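First comes the structure, then the notes that go with it.
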Protein chains: 4
Amino acid sequence: MSALAPDDVTRSPALGRPRDSGRDRAILDATLSLLTEMGYEQLSIEAVAGRSGAAKTTIYRRYRDKAALVAAAVEHRSPATPPQPEGESLRENVHSLATWLARSISEQDVGLLGALFAGMRNDAGLAQAMRRILRRDETAMTDGLLRQAAERLAPGAAPLFAEVASAVIVHRVVVGEPCDAAFIAHLVDDILLPLLRRT
Amino acid sequence: MSALAPDDVTRSPALGRPRDSGRDRAILDATLSLLTEMGYEQLSIEAVAGRSGAAKTTIYRRYRDKAALVAAAVEHRSPATPPQPEGESLRENVHSLATWLARSISEQDVGLLGALFAGMRNDAGLAQAMRRILRRDETAMTDGLLRQAAERLAPGAAPLFAEVASAVIVHRVVVGEPCDAAFIAHLVDDILLPLLRRT
Amino acid sequence: MSALAPDDVTRSPALGRPRDSGRDRAILDATLSLLTEMGYEQLSIEAVAGRSGAAKTTIYRRYRDKAALVAAAVEHRSPATPPQPEGESLRENVHSLATWLARSISEQDVGLLGALFAGMRNDAGLAQAMRRILRRDETAMTDGLLRQAAERLAPGAAPLFAEVASAVIVHRVVVGEPCDAAFIAHLVDDILLPLLRRT
Amino acid sequence: MSALAPDDVTRSPALGRPRDSGRDRAILDATLSLLTEMGYEQLSIEAVAGRSGAAKTTIYRRYRDKAALVAAAVEHRSPATPPQPEGESLRENVHSLATWLARSISEQDVGLLGALFAGMRNDAGLAQAMRRILRRDETAMTDGLLRQAAERLAPGAAPLFAEVASAVIVHRVVVGEPCDAAFIAHLVDDILLPLLRRT
DNA sequence: AAATAACCGAGACGGTACGTCAAGTCTTGAG
DNA sequence: CTCAAGACTTGACGTACCGTCTCGGTTATTT
């Protein structure tokens with residue numbers, strides 16, 4: 001079981017009334033929607049309680065603080081499934097992967113990045129958990145790429161793709177500029193393909 | 001004059017008692033030190049007031065909010081001067097630049113990144129100002145590189161260096177892993193040099 | 001239940017943790033003591049919070065503003081019990097009542113008067129509540145007078161006593177001159193008795 | 001010269017540029033209008049400065065604090081001139097005097113009463129000045145009454161009138177109830193005339 | 001005429017208190 | 001033991017005025 005499952009804070013053995021899993025879903029859904037509406041900084045646990053209909057106690061029983069709550073919410077969202085490589089050329093597949101990754105990061109992981117900025121210093125364990133989530137999508141992505149075009153790639157290209165593509169997109173998002181088509185093309189043609197191609 | 005000079009909020013022409021530039025320095029110094037001590041999120045304007053000996057109103061008269069204050073403080077710090085390329089090989093120079101950039105980002109700019117991330121949504125103008133600060137160092141950096149080794153570089157290599165190196169280092173820092181020598185070597189040999197070299 | 005009970009602002013039926021009546025007492029006691037020490041104008045809610053050991057929010061949860069807090073505190077004080085008429089002559093009883101009233105007003109009600117004066121414009125309901133408090137003592141006072149000497153009084157004399165005696169004493173206090181024995185004698189012999197005596 | 005003339009705080013001998021009496025008027029007029037608009041408590045010196053076009057320095061050079069400013073403003077207003085006794089009966093004259101006094105107090109002296117409440121404790125000299133202002137109207141009033149109907153009055157009736165009438169009206173105003181016709185009639189017939197008439 | 005001294009506007013400055021918000025903990029009653 | 005509700009302490013927020021202090025510039029009197 002993941003380190004961010006909703007029994008993070010304290011869990012006594014199965015005694016007394018069991019936790020209501022409906023509350024879990026309500027809390028995480030409310031967190032996700034508020035996160036995309038207002039961003040990490042503006043997100044208040046009080047607002048999560050209000051929208052989810054849960055008492056603050058119920059939230060704090062599950063998550064130590066805002067960072068843990070956000071991490072759990074992001075992890076809880078429908079798991080990211082990168083597109084299968086369907087194109088014929090390597091560029092097509094890299095391009096579609098980059099497009100998907102850019103949207104995934106800029107739409108869903110923005111809150112997580114905020115939590116990372118905020119939570120890193122205070123809680124090493126939590127920061128590690130958030131790193132893991134952030135990388136889940138990145139690594140899941142390389143599998144398809146490898147299966148489809150291993151022979152055309154330079155050795156060690158797949159992890160390099162995950163590292164560089166994520167880094168450049170995250171940087172772009174953090175800096176607040178849009179990940180539009182021109183940027184994706186630049187990323188693919190000027191950075192990724194030169195690095196990936198067997199030289 | 002810079003957009004983040006301490007007369008950011010409101011400033012009429014020369015009327016009334018002029019602002020005390022000593023207060024400016026005290027405020028920005030206190031902000032910088034508290035920023036590196038406690039990080040962006042934990043930084044409170046009240047603490048800045050306390051340490052700088054300035055009244056809260058004196059701070060709010062100059063900076064609208066925490067993000068603007070942090071931006072001004074980071075801009076105010078001793079300007080980052082990248083090392084002059086002194087090595088003989090291209091790799092030497094790229095390596096020293098990357099080393100310097102990694103330390104600069106991980107030591108000084110983490111607070112700026114947090115502020116950027118927090119302020120983006122609320123204030124587009126502020127976000128733009130902070131982007132400008134971030135890029136100031138990046139571009140300053142590429143000048144020396146260009147002068148020294150222009151003939152050995154692929155066309156358009158210099159801005160590419162700034163973009164990719166910053167992105168990968170920032171990502172590493174955000175994710176909370178150390179920018180040690182091994183990482184720098186990996187960055188230089190596996191990513192930067194292949195991209196920069198005339199093919 | 002009185003309109004100034006400490007559930008003045010908002011109160012839902014029995015839900016959640018009930019208010020701590022110990023906090024009520026501490027707040028009102030601190031208010032009373034600070035009121036007599038420093039007067040209405042100098043009384044700050046922050047000081048009440050400090051002395052009572054309650055948080056500012058706990059005070060604001062109960063009382064909208066300083067005027068409401070002061071009104072509640074004055075009402076909370078040990079109820080004013082005028083001396084029973086023990087003298088034989090009407091003058092003796094009127095004199096003792098006037099003496100008691102003068103001390104009561106000049107010692108305890110000055111803060112209340114300040115609050116009344118300040119709160120009147122902003123909150124008609126609050127002003128009415130404070131009028132009620134002011135009159136509580138006045139009317140309680142006339143009961144004994146009536147029981148003891150009804151036959152010797154002019155019709156309608158009791159409320160007239162309350163009105164005129166309070167007015168003259170308050171005026172004296174507001175104007176800042178002492179309510180000494182000479183003044184009391186003057187009040188009784190030149191003003192009150194001529195008005196009260198059956199003509 | 002009055003103790004509240006606009007040279008209250010510090011006045012050096014006739015050296016340097018003399019004070020601008022236009023500033024005096026502007027400041028006191030602004031104070032009076034703001035006083036009637038918002039009451040004593042809500043009146044801020046900053047607002048007086050804004051409305052009068054005077055700098056805060058210019059106000060503080062003249063008046064120590066808000067109480068002194070208000071006292072000067074009330075004293076500065078067009079001097080109160082009670083109506084000449086024109087009626088034939090004593091009741092008519094007493095009634096017109098009471099009516100005039102009630103309006104004068106409730107319209108113009110409310111701010112002064114607030115200043116009295118606030119300033120009494122802090123500044124005995126100022127409180128005395130304000131007392132003097134408050135009594136100016138009261139005593140001016142008795143002259144006409146005495147001239148016109150001395151033979152019909154009980155000995156010592158005139159000061160008694162000033163004392164009791166002012167007290168009852170001030171009390172009514174402080175408590176926040178209207179000084180309407182019915183109240184005036186009650187005051188005249190039930191309180192004043194019985195006290196004044198030769199018995 | 002120049003020097004001097006007080007005046008005036010504007011507004012910065014260190015403070016104090018305001019009234020509000022959210023964080024995280026605790027207490028009740030019901031299930 | 002869980003849950004909703006909500007009281008509680010704490011700490012920071014951003015604002016309003018306070019009373020004091022420079023500034024540049026304006027009158028007046030006094031050398």
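Model, not experiment: these values are computed from the prediction. A, B, ... follow the sequence lines: proteins, then strands. Residue 1 opens every chain.
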**Request:** Go through C:Asp24 and C:Arg19 one step at a time and tell me if the salt bridge (charged side-chain N to carboxylate O under 4.0 Å, His left out) criterion holds.
**Result:** CA-CA 8 Å; C:Asp24 288 335; C:Arg19 292 200 179 154; over 6 Å; no

**Request:** Whole angstrom is fine here: how far is it from CZ in C:Arg23 over to C1' in F:dT9?
**Result:** 10 Å

**Asked** Residues two or more places apart in sequence or in another chain: which of them pass side-chain contact (heavy atoms from CB on, under 4.5 Å) with C:Ala47?
**Response** C:Leu34, C:Ser44

**Request:** Round to the nearest Å and state the distance from B:Ile59 atom CD1 to E:dA12 atom P.
**Result:** 15 Å

**Asked** Residues in side-chain contact (heavy atoms from CB on, under 4.5 Å) with C:Asp20, at least two apart?
**Response** C:Arg23

**Prompt:** Rounded to the nearest Å, what distance is computed from the CZ atom of residue B:Arg19 to the P atom of nucleotide E:dG11?
**Reply:** 11 Å

**Request:** Calculate the interatomic distance between C:Arg61 atom CZ and E:dT27 atom C1'; express it in whole Å.
**Result:** 13 Å

**Asked** In chain order, what residues pass the side-chain contact (heavy atoms from CB on, under 4.5 Å) check against B:Ser33, with sequence neighbours excluded?
**Response** B:Glu37, B:Arg51

**Request:** Could you list the residues that satisfy side-chain contact (heavy atoms from CB on, under 4.5 Å) with B:Gln128, not counting sequence neighbours?
**Result:** B:Arg131

**Prompt:** Residues in side-chain hydrogen bond (donor to acceptor under 3.5 Å, both in side chains) with A:Lys66, at least two apart?
**Reply:** none

**Complete:** For C:Gln42, the side-chain hydrogen bond (donor to acceptor under 3.5 Å, both in side chains) test, sequence neighbours excluded, returns none

**Request:** Can you sort out the partners of C:Tyr40 under ring-ring contact (aromatic ring centres under 6.0 Å, His included), two or more places apart, ordered by chain and number?
**Result:** none

**Prompt:** In chain order, what residues pass the salt bridge (charged side-chain N to carboxylate O under 4.0 Å, His left out) check against D:Asp29, with sequence neighbours excluded?
**Reply:** none

N/O-N/O pairs, protein side and nucleotides 26-31 of chain F side, under 3.5 Å:
from: F:dT26; atom 1: O2; to: D:Arg17; atom 2: NH1; distance (Å): 2.7

**salt bridge (charged side-chain N to carboxylate O under 4.0 Å, His left out) involving C:Asp123 - partner list, sequence neighbours excluded** = C:Arg64

**Fill in**
Per the under-4.0 Å heavy-atom filter, residues of residues 29-38 of chain A near DNA chain F come out as none

**Prompt:** Could you run down nucleotides 10-15 of chain F 5' to 3' and tag each one B, S or - for protein heavy-atom contact under 4.0 Å?
**Reply:** B-BSBB

